[in-house]
Amino acid sequence: RETTMKLPVTQTPIQTRYSDTDAMGHFSSGSYITFMEIGRLDFFRKLVEQTGTSPSTVVANITVDILHESRYGEQLEVVTWCARVGNKSLKLCNDIHANGRLVAKGSTVNVGFDPVTRRSAPLPEGWEASETP
């Protein structure tokens, strides 16, 4: 019998820098992608702790919707979870909060990757999407 495992949900505080802002004083669009990356790295760290395996993946798609401005000095947190697991890819979602309010939503599609063959590779069996936060 195949065992299944729900993937983690992580909540990652973000240490922001003044250089993350643009000329208007709010966080620049590129900074949100960096914040999502920090959340994704925390998700994969937790995944390794939970599963004991560290699959190689590459990002194939990134989307981000900026819903409200946020500014330097606000406390940012990224919530990251897996919305879908396929044979060779998984979709990770991010909610970015500033002082507790949702300011951006994004997602990435990560594809399993074999660093030797430089081709897509299957993900471990038995993984299930995270509980939606």
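Bear in mind the structure is a predicted one, so any value in this text is a computation, not a measurement.
Residues Ile38 and Ile14 are in side-chain contact: their nearest non-hydrogen atoms beyond the backbone lie under 4.5 Å apart. A 4.5 Å side-chain heavy-atom check between Trp127 and Leu90 finds at least one atom pair inside the cut-off. Side-chain contact between Phe35 and Thr12 is absent, with no heavy atoms from C-beta onward closer than 4.5 Å. Contact of the Phe44 side chain with the Leu92 side chain is registered, since non-hydrogen atoms from C-beta on lie closer than 4.5 Å.
No donor-acceptor pair closer than 3.5 Å links the side chain of Thr57 to the backbone N or O of Val111. Judged by distance alone, the side chain of Ser130 and the main-chain N or O of Leu7 form a donor-acceptor pair under 3.5 Å. Side chain of Asn99 to main chain of Gln75: a donor-acceptor pair is present (N/O by atom type, distance under 3.5 Å, no hydrogens or angles).
Taking each heavy atom of Glu128 and Thr4 in turn, the nearest pair found is OE2-OG1, 3.1 Å. Nearest approach of Pro133 to Val9, heavy atoms of both residues: CB-CG1, 4.1 Å. Closest non-hydrogen pair, Ser54 versus Val48, comes out as CB-CG2, 3.6 Å.
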Identify each donor-acceptor pair in which a side-chain atom of residues 18-25 lies under 3.5 Å from a protein atom, sequence neighbours left out, and give them as a table.
from, atom 1, to, atom 2, distance (Å)
Asp20, OD1, Arg17, NH2, 3.0
Asp20, OD2, Arg17, N, 2.8
Thr21, OG1, Tyr18, O, 2.6
Asp22, OD1, Met24, N, 3.0
Asp22, OD1, Gly25, N, 3.3
Asp22, OD1, His26, N, 3.4
Asp22, OD2, His26, NE2, 3.2

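With respect to the salt-bridge test (charged N to carboxylate O, under 4.0 angstrom), the residues Asp65 and Lys105 do not qualify.
Side-chain contact, Thr34 with Ser31: no donor N or O sits under 3.5 Å from an acceptor N or O.
With rounding to the nearest 0.5 angstrom, the CD atom of Glu77 is 6.5 Å from the NE2 atom of His97. Taking CG from Asn94 and CE from Met36, the interatomic distance works out to 4.5 Å, rounded to the nearest 0.5 Å.
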